[in-house]
Amino acid sequence: MKDFYLEILHIDKQTGARYGILHTPHGDVEVPMFMPVGTLATVKTLSPEELHQMGAGVILANTYHLSIRPGAEIVQKAGGLHKFMNWDCPILTDSGGFQVFSLAENRKISEEGVTFKNHLNGDKLFFSPEVSIDIQEKLGADIIMSFDECIPWPSSYEYTKKSTERTLRWAKRGLDAHKREDQALFGIVQGGDYEDLRKMCAEELAKMDFPGYSIGGTSIGEPKDKCFEMIEYAIKYLPNEKPRYLMGVGSIDYLLGGIARGVDMFDCVLPTRLARHGALMTSYGRVNIKNEKYKEDFTPLDPNCDCYCCKNYTKAYLRHLHVCEETFGKRLMSIHNIRFLIKLMEGARQAIKEDRFGDYMKATLAAFGDERGF
RNA sequence: GGGAGGGUAGCGAAGAGGCUAAACGCGGCAGACUGUAAAUCUGUUACCUACGGUUUCGGCAGUUCGAAUCUGCCCCCUCCCA
């Protein structure tokens, strides 16, 4: 598809991080970028207008969840996801592969696909590579994912090999089933933390010539160095000119570490979930807004932040809203956390363009001052 | 004045002789969260010089090896009838 391609404009001399523009049918976005997650066709508590204001480029939605409610046909009748949810910029849908992992108690995997017992009423729900592609074509996102199995960590070599080979066969089947010309279908690199399996998977996917490649099976409880290894094992064997998407990563250290290793795109529920739970990412570290010490703190959450929340409200007010379980607090804090990550990316892009991404990473992590990086 | 029912940790509320420093809920405090079954989940919440010790279930006095639980008196609250 010619509407979709990555234009790499600069490579950071310190780290090899990439700056570029991703062209999509719904507009161009700069990378590296962070994509907020709107599983059910909404980034929880936020409006599209707010997301635009924060500088969000692409947002995610989920195939498994939308196929249950409201159903792919309804979204299709609505005119596709963009119209349905009033989001005119690019959308990426995940294939349901993550649910193979997260809903593992209620599913059975076979060569043909995965039979879920749907988490709402126990109905049988069969997902194959073809079914997932069909649903994603109906949803109509700009970027769609191959149906894979997100393998738990740790997993045995034998299981990882078996599953990764199956994911590869599924990728091929999805590719064959995919018809829409205005959607970029990404292949997903699995392989656990085994270098040879990651290599094999990446090389095989590269042969299939996807318009983009995802790195899956990370940020599911593995240690940070493992995650970075898995990224490196995969990226080494992926074509340079294609976009690389590290799935499910959203903490500051992982994001910066991913960029340094050549990742272009990230998504994560972390900023929105943390926000709803009163945990905030700031330039000086993590803030748990419900802590008593903020009761009378009438200063902004993050003096270095330009978001609507930080410009207009105090920590004491945010704490009050959170303690009272007021929805507005969740919105304000979601705005902040997402804006924080998007701003982190803006800084990263600028640093790459100026060949100082390594310094930027070091300084940002030092200022954050938390080993955990979120 | 007569009758009935009550007083348990910050609040609500179980418990009706030892397994009870006292269930459970709320509130408080703290923590977790990474391609969203998450506006969710976990820990903690009498006091202390804290792998042990001290003082508790309206008050006082008893019964008992042992009492929040049984007895007596007192104080207070709620409801009904006058």
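A, B, ... follow the sequence lines: proteins, then strands. Residue 1 opens every chain. Excluded from the calculations below are hydrogen atoms, water molecules and symmetry mates; all remaining heavy atoms, backbone and side chain alike, are included.
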* Asked: In whole Å, what separates the C1' atom of B:U20 from that of B:G31?
  -> 29 Å
* Shortest side-chain distance from A:Cys268, nucleotide among B:A30, B:A38, B:U34 -> B:U34
* Using atom C1' of each nucleotide, how far apart are B:U64 and B:G17 to the nearest Å? -> 9 Å
* Whole angstrom value for the distance that separates P of B:G35 from CZ of A:Phe101 -> 9 Å
* **Atom-to-atom span, CZ of A:Arg276 to P of B:C41 - whole angstrom** => 13 Å
* For atom P, what is the distance between B:C73 and B:U78, given to the nearest Å? -> 23 Å
* **P atoms of B:U34 and B:A22, separation to the nearest Å** => 34 Å
* Ring-on-base stacking between A:His65 and B:U36, under 5.5 Å between centres and under 30° between planes: is it there? -> no
* Asked: When you check the phosphate oxygens OP1 and OP2 of B:U34, does a side-chain N or O of A:Ser219 lie under 4.0 Å from one of them?
  -> no
* Asked: Roughly, in whole Å, what's the span from OH in A:Tyr294 to P in B:C29?
  -> 13 Å
* Asked: Can you check the A:Ile68 CD1 to B:U36 P distance for me, whole Å?
  -> 13 Å
* To do: Classify the nucleic acid contact of A:Gly217 as base, sugar-phosphate or nothing, counting any heavy atom under 4.0 Å across all strands shown.
  => base
* **Closest nucleotide among B:C33, B:G35, B:A30 to the A:Glu292 side chain** => B:A30
* Hey, could you give me the OG1/NZ distance between A:Thr63 and A:Lys138, rounded to the nearest 0.5 Å? => 12.0 Å
* To do: Decide whether A:Phe101 and A:Val249 are clustered together by the hydrophobic rule: side chain heavy atoms of Ile, Leu, Val, Met, Phe, Trp, Tyr closer than 4.5 Å, transitively.
  => no
* To do: Using a 4.0 Å heavy-atom cut-off across all strands, classify A:Asn62 as base, sugar-phosphate, or nothing.
  => sugar-phosphate
* Of the nucleotides B:G28, B:A37, B:G31, which one has an atom closest to the side chain of A:Glu105? -> B:A37
* Asked: Is the phosphate of B:A37, meaning OP1 or OP2, less than 4.0 Å from a side-chain N or O of A:Gln99?
  -> yes
* Cation over ring face, A:Lys353 and A:Tyr19, 6.0 Å, 45° -> yes
* Is A:Ile188 touching bases, backbone alone, or none of the nucleic acid, heavy atoms closer than 4.0 Å? -> base
* Distance between the P atoms of B:G35 and B:A39, in whole angstroms? -> 13 Å
* Asked: If you find the nucleotide of RNA chain B closest to A:His322 and the one closest to A:Leu103, which residue's nucleotide is nearer the 5' end?
  -> A:Leu103
* Structure fact -> Checking N1-N3 plus N6-O4 or O6-N4 for Watson-Crick, or N1-O2 and O6-N3 for wobble, each under 3.5 Å, the partner of B:C41 is B:G31
* Asked: When all nucleic acid strands are considered with a 4.0 Å heavy-atom cut-off, which category describes A:Val43: base, sugar-phosphate, or nothing?
  -> nothing
* Donor-acceptor pair under 3.5 Å, A:Asn288 side chain vs B:G31 base -> no
* Structure fact -> If pairing means Watson-Crick or G-U wobble with both distances under 3.5 Å, then the partner of B:U54 is B:A46
* Can you tell me how far CG of A:Leu365 sits from NZ of A:Lys362, rounded to the nearest 0.5 angstrom? -> 10.5 Å
* To do: Using whole Å, report how far NZ of A:Lys290 lies from C1' of B:U44.
  => 13 Å
* To do: Could you tell me which nucleotide pairs with B:G18 by Watson-Crick or G-U wobble geometry, both distances under 3.5 Å, or answer none if nothing does?
  => B:C65
* Under 4.0 Å between a side-chain N/O of A:Ser214 and OP1 or OP2 of B:G35, yes or no? -> no
* To do: Give A:Thr218 one of three labels, base, sugar-phosphate or nothing, depending on what nucleic acid heavy atoms sit under 4.0 Å from its own.
  => nothing
* **Spatial distance of atom CZ (A:Arg319) from atom CG (A:Asn291) [nearest 0.5 Å]** => 8.0 Å
* Asked: Do the side-chain N or O atoms of A:Arg273 get closer than 4.0 angstrom to the phosphate oxygens (OP1, OP2) of B:U34?
  -> yes
* Asked: Is the NZ or CZ atom of A:Arg198 positioned over A:Tyr237's six-membered ring, under 6.0 angstrom from the centre and within 45° of the axis?
  -> no
* **Touch class at under 4.0 angstrom, heavy-atom based, for A:Gln190 against every strand present** => base
* Once you apply the 3.5 Å cut-off to both distances, tell me the Watson-Crick or G-U wobble partner of B:G1, or none. => B:C81
* **Interatomic distance at P, B:A61 relative to B:A46, whole Å** => 27 Å
* Asked: If you measure from the C1' atom in B:C81 to the same atom in B:C57, how many Å do you get, rounded?
  -> 33 Å
* What does A:Glu222 touch in the nucleic acid at a heavy-atom separation under 4.0 angstrom: a base, only the sugar-phosphate, or nothing? -> nothing
* To the nearest Å, give me how far apart CZ (A:Phe147) and P (B:G35) are. => 17 Å
* For A:Thr327 and for A:Met247, locate the closest nucleotide of RNA chain B by heavy-atom distance; then report the residue assigned to the nucleotide nearer the 5' terminus. => A:Met247
* Atom CG of A:Asn291 and atom P of B:G43: how far apart are they, to the nearest Å? -> 19 Å
* To do: Can you tell me, in whole Å, how much space there is between the P of B:G15 and that of B:A23?
  => 14 Å
* Say you draw a straight line from CZ of A:Arg180 to CG of A:Asp142; how long is it, rounded to the nearest 0.5 Å? -> 9.0 Å
* Asked: B:C29 phosphate, OP1 or OP2: any side-chain N/O from A:Arg319 under 4.0 angstrom?
  -> yes
* To do: Let me know the distance between NZ of A:Lys44 and P of B:A39, rounded to the nearest Å.
  => 6 Å
* Asked: Are the aromatic rings of A:Phe266 and A:Tyr245 close, with centres under 6.0 Å apart?
  -> no
